[in-house]
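Worth knowing before you read on, the calculation uses all heavy atoms, side chains too, and leaves out hydrogens, waters and symmetry mates. Owing to the predicted nature of the structure, the values given are computational and were not obtained by experimental measurement. Here is the naming used below: chain letters follow the sequence lines, and residue numbers restart at 1 for every chain.
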Amino acid sequence: MRTALILLFLLALASIPGSVIPQRNLNPLRVQRYFDAHKDLAPVLDRFSLFNVFSAPWFAAIYLLLFLSLAGCVIPRSWQHAKAMRARPPAPPRRLDRLPQTATWQTGLERDAAYAELRTALRRKRFRVDVHGTALAAEKGYLRETGNLVFHLALLLILIGVALGSLYGYKATRLVIDGKGFANTVGSYDSWKPGRYVKTSSLAPFTIQMDRFEASYIDSGPKAGQAETFVAHVRYRSQPGSSWHTDDIRVNHPLTFGTTKVYLVGHGYAPRFTVRDDDGQVVFQGPVPFLPTDGNFGSTGVIKVPDARPKQLGFSGFFLPTAVPSAQGFVSIFPGAKNPAVVLLGYRGDLGLDSGRPQSVYALDDRRLDKVATAALGVGDTMVMPGGKGSITFTGIDQWASFQVTYDPGKRLVLIATVVMIVGLLLSLRVRRRRVWVRADRDEAGRTVIEAGGLGRSDSGAFVDEFADLIAQLKEVTPPPAATTKE
Amino acid sequence: MPANDGLSTLSDYLFVAAVLSYALAMLAYAADAAWGRRVETQSVAAVEPARVLVGAGASGSDLVTPQPPLTSTAEEAPSHVANLAIALTIIGWLVHAGALATRGFAEERLPFGNMFEFASAGALAVSSAYLVLLTRQKARWLGVAVMFTVVVMLGLAGTVLYTSAGPLVPALHSYWLSIHVTAAIISSGVLTVGSLAAVLYLVRLRYDANVVAGRTPGLSRIARLTPEPEVLDRTAYRVLAFAFPLWTFAVVAGAIWAESAWGRYWGWDPKETWAFITWVIYAGYLHARSTAGWRGKRAAWVAVIGYLAFLFNFFGVNIAIVGLHSYAGI
């Protein structure tokens, strides 16, 4: 028990850095910033897995040791308890009057009759009763230990469920613009985090099409700008060839395909552009997802136009759903699109897409690009590049939503084990183990004298009252001698 | 305008009235403790020799130390001041409940949506837990500490954490808000009362040690009128053993909600991490109480550390750490 106690405290202590130091799985961006700010310290922390505390080997060592000590304690105790459940309640001590709770009274019944009555009464109170020579031994509250064992075994089951989920489950994300969709295949995801034993060929074969994303915000008052609703209106089918259904995916309301669930986890704006090259040819047309950088959805994004001739065109932009001019240029003051504007920088040259170097779709590689133009556009406005060499038109706005697809086959086991754990916990904390012994004897005058003693084995004062109640009931079934003997 | 202005202003007035009533109750408890007649308690010596070794049990040690009852055998009628203190507590509780109810009606939702509302509801849970405890055992000795805590919580809520009434962010649009947050609030109230008993137990031990050693007890004098230490220790255990499954349920309900809102039932978000740390420490407390060498003082310290973790989870995580549980102002 002492080992378990130390390991419990170690586990609590070991979790603390995970909440103080930024964690890769929660916020990779903050980890990156931490690396930039602490150039010497960060690599040292990284060597000790302090940016992945909860998957660190030393963290695993602590909880595995804890579960090992738990199993080492609970399994023998289950065995012992199984035997105890079948065993007879323990023999009475020689002197019942030494017990913490005692009572003595006389009855008019014969000794054997008294025994029979007492036995029935104790049984009725759901005590397990056994005859030990001249005394009755009774015990109840076995469920306390049962609950205790069930609680600890359920913890083991939870661990197994978590392990199942991380080995056989996967998590993937996909950004979808209004009117677009995706199928549940590895290739269609922006990020894909499979467990070790996931078979990519056996993913649930559904397809989702997002018709429209809708967000609404509080218009005025002290909470203006706070979001009221986010809804992705979607159509889906559970496999190719089956019929389409419509549904809304909202926060707290995922779309479910068996064990696979699709969650709405983010959203933003995708301004639409039309780009023409020097010849007036339309070389790009459509929405481009911009990533929000602040609470009012000021968002950054880039447009890459590799097909423009004679030179490639590129644009980096800042989108503002409700733009107002300020000292530092434009700022967005509201997350809804009340006065959309986009500030664009236009580049000409080589986008570097053929250089073999991997590129983000959200950043321009400006090493071989020349900045040639800049303008702030409202919807319908056009920025013409210098010398009339190409133009870009801000034609309107779409929205995008990002979805997370999660498959966790261990989830159900974890849920069931958790319910069992709570039931076990309640039993182990609320049920009290207690023992009562009763002995009936004849005194010198030949009268039957009953002596009772009780022992509450669990930590609670309530047994005092319970024993008093029990004695009152036992006295009822073994009434005192008739008035004549009183003289 | 989403929130009803008249009702939410009324709620703010009721809030202030509740703080006043609790503060007066605190003074009355203090007066009762200082000048009221000392509660007769059974002497420890009377129960000491009754240590017995009982039969060959099926498992474990059967050495049991009989415990003094939680309610003193020689009870005397509470003084007028004591009655006044309890009456003020009940009035404070009613007005406080009214403040939360009107705020809820003004917003047409459960008033558990931001730190202010959570702190206020948490304080209500603390005074409720104390009142429930009062019906089950003589626990007036906890009165000063409980009222002090409630007044401090409400003071913080009304000044630092205050946010005006309004609707919820979409992440909170779920019936799990009521289940998870209600469970968290109730368990935090019960945890607070249990932990205060543990603190008083430690203070009382210090006071007794000072008296035995012949030193003048300093600040520990505040515990001189509490019942004997065993009663404090067992009260703390009873209350914390009641709180622990509630806390477990609150965390589990949170995990179920997280599964439907964020796509995973557990993700080591800072709030989750500290809920876990709190849970582990209180689990340690329950174990410590049945581990030789840890009973009593050490176990009580574990409970106090658990409560500090809980407090950090409530205030520190929202204010100092970036995580998913940040919303609505703070």
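- Using a 4.5 Å heavy-atom threshold, the side chains of B:T273 and A:V53 count as separate.
- For B:F242, the parts sitting under 4.5 Å from any heavy atom of chain A are the backbone and the side chain alike.
- Taking the six-membered ring where tryptophan is involved, the planes of B:H287 and A:H152 are perpendicular, since the angle between them exceeds 60° and thus also 30°.
- There is no contact between B:T278 and chain A, counting heavy-atom distances below 4.5 Å.
- Residue B:I305: no heavy atom, backbone or side chain, is found under 4.5 Å from chain A.
- Remark: B:R295 CZ is packed, more than 12 non-hydrogen atoms of other residues, nucleotides or ligands lying under 6.0 Å away.
- Counting heavy-atom pairs under 4.5 Å between each of A:Q23, A:K411, A:M421 and chain B puts A:K411 at the top.
- Using cut-offs of 30° and 60° for the angle between ring planes, the A:F59 and B:W268 rings count as perpendicular.
- For A:H253, the part lying near chain B is the backbone, with the side chain staying farther off; criterion is any non-hydrogen pair under 4.5 Å.
- Considering only heavy-atom pairs separated by less than 4.5 Å from chain B, the leading option among A:L425, A:L426, A:V251 is A:L425.
- Interface remark: B:W266 contributes no atoms to any contact with chain A (heavy atom separation under 4.5 Å).
- Annotation: maximal heavy-atom pairing with chain B below 4.5 Å, among A:L13, A:I16, A:T418, A:L415, occurs at A:I16.
- Atom CZ of A:R430 has 12 or fewer neighbouring heavy atoms from other residues, nucleotides or ligands inside a 6.0 Å radius.
- For chain B, the option among A:N25, A:V265, A:T256, A:V414 with the highest count of heavy-atom pairs below 4.5 Å is A:V414.
- Among B:Y175, B:W257, B:W176, the single residue meeting the side chain to side chain donor-acceptor pair (under 3.5 Å) criterion with A:N252 is B:W257.
- For the pair A:V162/B:Y265, a side-chain contact is recorded, criterion being any heavy-atom separation below 4.5 Å from C-beta on.
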